[in-house]
Amino acid sequence: MTPSILVVAGSTRSGSINGKLADAAQLALAQFGGDVTRISLLDYPLPLVNEDLKKQQGIPENAMKLGRMIAAHDGLFIASPEYNASIAPLLKNAIDWVSLIARDGEKPFKAWNGRYIALGSASNGRLGGIRSLNHLRSVMMAVGTQIITEQCSVSDAAAAFDEDGRLTDERMAGILNRTCKSLIDHCKRHGSRN
Ligand SMILES: Cc1cc2nc3c(=O)[nH]c(=O)nc-3n(C[C@H](O)[C@H](O)[C@H](O)COP(=O)(O)O)c2cc1C
């Protein structure tokens, strides 16, 4: 079976270092045999989660679109920026909206359930955004995903990628490779689509 993997960065900023990490993960995942789709949250603009809004207007169409996209894949690689030691709001808001989906038409539908998730972060600080991953790991458990142990935090990230989008530091490239391979192996072993 060829695992299908969605890759997304929690930043839509031009020149985003997490976008670069997502690009590098896309290459590594394909190298390990994944059928990889890279998306941008720019294509899924969403209002801030608000339960009154949900009651009045239902789940926003872009959240449904994103949820269907997630559910159509075995696994996800998420590259997470770190804001004040935690998850950036763009990413958290998207995760939360998708978690609120209970049905698609008449059918019960939980997009996050059983998806395999690999986490990465990039920051120009020395910790590489690892504190955001500690929080993101808990959140992804709460929404019902299976998170793999391996993860990849890239410090001093502005200078970490070469022109081809690969990590220049061998040790760091090895960590990203192990993270991506583990995601592929988990998806192959268990499969995850509903
Ligand atoms: C509100 C805010 C808080 C931040 N807090 C942290 C932080 O706690 N740790 C860190 O390493 N970088 C922090 N940063 C810097 C981001 O890591 C940096 O802007 C990074 O480039 C964001 O990722 P991106 O390039 O993918 O958008 C913060 C940035 C913002 C805007």
Side-chain angles (χ1 to χ4, degrees), residues 5-31 34 36-50 62-63 65-66 69-70 73 75-99 112 115 117-143 145 147-180 183:
I5 311 287
L6 201 58
V7 177
V8 63
S11 169
T12 55
R13 196 178 65 78
S14 55
S16 160
I17 49 182
N18 285 280
K20 288 182 183 172
L21 176 58
D23 291 341
Q26 179 179 6
L27 294 173
L29 288 159
Q31 182 192 315
V36 189
T37 307
R38 170 90 157 85
I39 59 166
S40 166
L41 291 179
L42 267 181
D43 294 326
Y44 304 86
L46 289 164
L48 272 182
V49 163
N50 177 318
N62 278 333
K65 258 174 60 185
L66 183 59
M69 190 63 150
I70 289 165
H73 289 77
L76 273 86
F77 183 100
I78 304 176
S80 167
E82 179 173 281
Y83 280 11
N84 295 315
S86 190
I87 308 164
L90 175 76
L91 178 59
K92 180 64 164 53
N93 193 53
I95 293 167
D96 287 344
W97 267 123
V98 171
S99 77
W112 286 122
R115 302 276 91 70
I117 308 287
L119 303 179
S121 60
S123 147
N124 288 320
R126 265 186 287 169
L127 297 180
I130 197 167
R131 295 172 302 175
S132 76
L133 296 194
N134 295 336
H135 291 189
L136 184 55
R137 191 168 281 272
S138 305
V139 170
M140 296 319 292
M141 281 167 67
V143 299
T145 64
I147 304 118
I148 65 162
T149 303
E150 294 83 355
Q151 63 181 26
C152 175
S153 287
V154 181
S155 54
D156 303 315
F161 300 90
D162 67 18
E163 280 172 5
D164 298 327
R166 292 178 200 276
L167 283 162
T168 51
D169 182 78
E170 219 171 274
R171 195 183 129 267
M172 195 42 73
I175 293 172
L176 179 63
N177 280 342
R178 281 196 291 284
T179 303
C180 290
L183 178 60

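Counting convention: from 1, in listed order, for ligands and their atoms alike. We number each residue from 1, following the sequence as shown.
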**Item:** Geometric N/O contact Glu82 with ligand 1, under 3.5 angstrom
**Value:**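 Between Glu82 and ligand 1 (N or O atoms, distance only) the closest approach is under 3.5 Å.
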**Prompt:** Should Ile17 be counted as touching ligand 1, given the test is an N or O pair under 3.5 Å?
**Reply:** yes
What residue and heavy atom of the protein are closest to [atom], and at what distance?
atom	answer
atom 27 (O) of ligand 1	Ser11 OG, 2.7 Å
atom 5 (N) of ligand 1	Asn84 N, 2.7 Å
atom 26 (O) of ligand 1	Ser16 OG, 2.5 Å
atom 25 (O) of ligand 1	Arg13 NH2, 2.7 Å

**Prompt:** With a cut-off of 4.0 Å, which atoms of ligand 1 are near a heavy atom of Pro81?
**Reply:** 23 (O)
**Request:** Mark up the atoms of ligand 1 that fall under 4.0 Å of a heavy atom belonging to Asn18, in ascending order.
**Result:** 23 (O), 24 (P), 26 (O)
**Prompt:** Is any side-chain N of the basic residue among Glu82 and Arg131 closer than 4.0 Å to the acidic one's carboxylate O?
**Reply:**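 Yes, Glu82 and Arg131 are salt-bridged.
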**Prompt:** Does a salt bridge link Arg38 with Asp23, judged by any charged N lying under 4.0 Å from a carboxylate O?
**Reply:** yes
**Asked** So, Asn18 side chain and Ala9 main chain: donor-acceptor pair closer than 3.5 Å or not?
**Response**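 No, because the side chain of Asn18 does not come within donor-acceptor range (under 3.5 Å) of the backbone of Ala9.
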**Message:** With a 4.0 Å cut-off on heavy atoms, is Ala85 in contact with ligand 1?
**Reply:**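 A heavy atom of Ala85 does come that close to ligand 1.
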**Message:** Below 4.0 Å from ligand 1: does a non-hydrogen atom of Lys20 turn up there or not?
**Reply:** no
**Item:** 4.0 Å protein heavy-atom contact status of atom 19 (O) of ligand 1, strictly under
**Value:**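 Protein heavy atom within 4.0 Å of atom 19 (O) of ligand 1: absent.
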**Message:** Under a 3.5 Å cutoff, is there a donor and acceptor pairing between the side chains of Ser121 and Ser153?
**Reply:** yes
